[in-house]
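Read the structure below first, then the notes.
Residue numbers count from 1 along this sequence.
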Amino acid sequence: MTFTRTMLEVAAADPDRLALAGDDVRLTYAELVAEAARIRAGIEALLGARGPGDDGSATGASSATDGIPVIAVSLSRAIDVGRLVAGIASFRAIVAVLDPLWPRSHRLETVRRVEPALVITDEPELEAALADLEHWHGSAVSLERLEAAAAAAHASLGPEIRPRDEPFLLLFTSGTTDLPKGFLRTRGSWDVNVAVSRRALFAAEGVQTIAPGPVSYSLTLYALVEVLATGGSLFLQSRFDARDAVRTIARHGIERFVGVPSMLLALAAAARREGEASLSSLRWVVTGGANQSQRIRDAFTAAAPHARLRSYYGASEIGFIGFSDAGDGTRLTPFDGVEAIVRDDDGAPVPKGEIGTLHIRVASAVEGYLAATSDDRITGADGWSSVGDLAAIVDGTIALAGRAGDIAVSGGHKVSLPQVERALATVPGCEQCCAVALPDAALGSIVAVVVEGPGSDGDERDAEAPAGEARAGEREAEHPATTGVPAKGVMRDALRRLLPEQFVPRRYYRVDELPRTAGGKIRRTAVAELVAAGSAERL
């Protein structure tokens, strides 16, 4: 694969160049190659004397992987995940990163379904639970046991350049609420993505990138691969901490940031505390995983005036789709090599400008999920792939409208919930928000919005609220209205200016914190559950 080749080449030509840093650990390219050799030796020792050889004889290999053993990691430190991914992917093995924040039941069932030969974890409770897992014939080992096996093992062959059509990575859909679906990516399919990163996402040799957050999140995991594939240096952070990230950027002169849009507001606020020049080294900022609103762009540009901000959209099962440099991030210019069409429920193309299901044709797409996790197809016989995104083709761009669960039907009108969120995010104090559909006997459903932030004095009460209903968490006077969630009337009036009347929400709520995935995405289903449970303050 590209990044193993680059690791070896940089280790030979510039051995002291930084490869990975995080959690008070720094690894040069020479050290990372040595780590990869140790990891391979330890895994081969744990798998047995024959190891994961090309004859497919390793025990625990899933039939879906043509005998290539799956090695799963569930670790709390990003630097440990990073070095293990680099090591496992550098020989004949498939690496799977299990999110340590998934419910343990999800991780156990995922292990049972995908049948990894080894699970490496730093969580004793998970290790013990895996030891008792029925119908799984692999082994769970601690990180310490892997290190001990590596130290005692004979030297391995070390990293090697494998065939491009060989699978090396087992990825998963979100496992926060539903059981995750797994799918395999080949080395060649990610080479296609790396080529896009070189051309359009500012990844280049010698560039220092910071990508905070768990490596189990696909955005961070891909940043790891693209940086090593291009000979750059990657700074990791196990849990996003804005002040620590700003200090790291300033201390090391980091030029490139990769993260979710919500991180940018936190970085801008931390930069104001740390000093105006704290983000001056940033030249490129790449966001993904959620829409990049113009308000966030403006706030971050003020804090990092030398940085070029680009948001992109893609699906892990398909690859990169398009990018945006302005506006709310939903009007995408397709990346080179990407073809896009929009179809109706019967599979027929819809007229330009009308919303339907987005289909993509690109060399990086996979065919389907592992049969043990889902029987859904991703790519049809005609070569077009879809994960259910809704969009329209407008003047050669892809105008995103969300996914099927992002559309509410209220009184016969189809309402795009992401469109409501983008409009509300332009209102000061509403940058972090989520729109949900609530059941309604008369209209089928109504649209409600939930805003994250402290409350404000003088919030209007909803006229429909029961008389005498107390507001949860009355806010102290030292929190002026400009620093909290604005009054319902302010939000409603702004949305009436920005949206069709049928899109304007009927109800408004506030919470201290919106539920998110480990990677920072707001979980719409969980937000709706908060409202249904009465855990959100109704304004």
Side-chain angles (χ1 to χ4, degrees), residues 1-6 162-169 171 183-205 207 209 218-219 221-232 256 258 284 286-289 291-292 308-326 329-343 347 349-350 352 356-368 377-401 403:
M1 185 188 176
T2 298
F3 88 74
T4 303
R5 183 190 302 275
T6 304
R162 300 294 306 175
R164 295 182 77 249
D165 61 353
E166 183 178 271
F168 83 106
L169 187 62
L171 293 174
F183 53 96
L184 293 169
R185 294 295 300 265
T186 65
R187 302 170 191 273
S189 73
W190 270 37
D191 285 351
V192 174
N193 289 349
V194 169
V196 173
S197 290
R198 289 181 187 273
R199 294 192 304 267
L201 297 180
F202 320 117
E205 183 174 2
V207 170
T209 297
S218 58
L219 187 69
L221 179 58
Y222 179 68
L224 169 71
V225 173
E226 71 175 358
V227 168
L228 294 180
T230 53
R256 184 171 176 262
V258 176
W284 306 284
V286 178
T287 64
N291 293 333
Q292 177 68 76
R308 180 177 180 183
L309 180 54
R310 170 164 287 179
S311 60
Y312 78 85
Y313 185 74
S316 296
E317 302 98 314
I318 294 175
F320 291 127
I321 294 174
F323 67 92
S324 174
D325 291 333
T330 61
R331 291 287 292 269
L332 304 174
T333 299
F335 287 110
D336 290 345
V338 171
E339 297 177 76
I341 60 171
V342 174
R343 294 172 170 170
V350 304
K352 301 295 184 184
T357 302
L358 180 65
H359 288 73
I360 299 296
R361 187 155 60 187
V362 66
S364 56
V366 301
E367 293 184 2
R377 296 291 299 172
I378 300 165
T379 303
D382 59 359
W384 290 93
S385 308
S386 180
V387 291
D389 291 318
L390 300 179
I393 304 298
V394 180
D395 298 329
T397 66
I398 302 170
L400 294 175
R403 292 196 175 177

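The shortest side-chain heavy-atom distance between L221 and L171 falls under the 4.5 Å cut-off. Contact annotation: the side chain of R331 approaches that of D395 to within less than 4.5 Å [non-hydrogen atoms, C-beta and beyond]. Residues W190 and F168 are in side-chain contact: their nearest non-hydrogen atoms beyond the backbone lie under 4.5 Å apart.
Between atom OG of residue S386 and atom CD1 of residue I318 there is a gap of 6.0 Å, rounded to the nearest 0.5 Å. Summarising the geometry, atom CD1 belonging to I393 is positioned 6.5 Å from atom CG belonging to L358; distances are rounded to the nearest 0.5 Å. Considering CG of D325 and CG of L309, their distance stands at 8.0 Å, rounded to 0.5 Å. Of the inter-residue distances, the one linking D336 atom CG with R199 atom CZ reads 5.0 Å to the nearest 0.5 angstrom.
Judged by distance alone, the side chain of R310 and the main-chain N or O of A200 form a donor-acceptor pair under 3.5 Å. Side-chain atoms of T379 never come within 3.5 Å of backbone atoms of S385 as a donor-acceptor pair (strictly under, hydrogens ignored). With hydrogens and angles ignored, the 3.5 Å screen pairs a side-chain donor or acceptor of Y222 with a backbone N or O of N193. In this structure a side-chain-to-backbone donor-acceptor pair under 3.5 Å is missing from T186 to D165.
Surrounding CD of E367 are at most 12 heavy atoms belonging to other residues, nucleotides or ligands under 6.0 Å away.
The shortest non-hydrogen separation linking P334 to I398 is CG-CD1, 4.1 Å. The nearest pair of heavy atoms linking V225 to V194 is CG1-CG2, 4.4 Å. The two residues W384 and R343 come nearest to each other via the heavy atoms CD1-NH2, 3.5 Å. V338 and I360 get closest at one heavy-atom pair: CG1-CG2, 4.0 Å. Residues T357 and G388 share a closest heavy-atom pair of CG2-CA, 4.1 Å. A pairwise comparison of heavy atoms in Y313 and L332 identifies CB-CD1, 3.6 Å as the closest pair.
A salt bridge does not link R361 with D382: none of the charged nitrogens is closer than 4.0 Å to a carboxylate oxygen.
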Query raised in the report: Stepwise, does the side-chain contact (heavy atoms from CB on, under 4.5 Å) test hold for R198 with T230?
Result: CA-CA 8 Å; R198 289 181 187 273; T230 53; 3.7 Å; yes

Report task. Report the C-alpha separation of V362 and F335 in whole Å, then their side-chain angles, then the decisive distance to 0.1 Å, and conclude whether the side-chain contact (heavy atoms from CB on, under 4.5 Å) test is met. Result -> CA-CA 10 Å; V362 66; F335 287 110; over 6 Å; no

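Residues forming a side chain to side chain contact (heavy atoms under 4.5 Å, CB included) with V366 (at least two apart in sequence, or on another chain): F183, R185, E317, I378. When the side chain to side chain contact (heavy atoms under 4.5 Å, CB included) test is applied to V258, the partners found at least two apart in sequence or on another chain are T209, A211, L219, A223, E226, R256, V286.
Taking the six-membered ring for Trp and thresholds of 30 and 60 degrees, F202 and W284 have nearly parallel ring planes, at less than 30 degrees apart.
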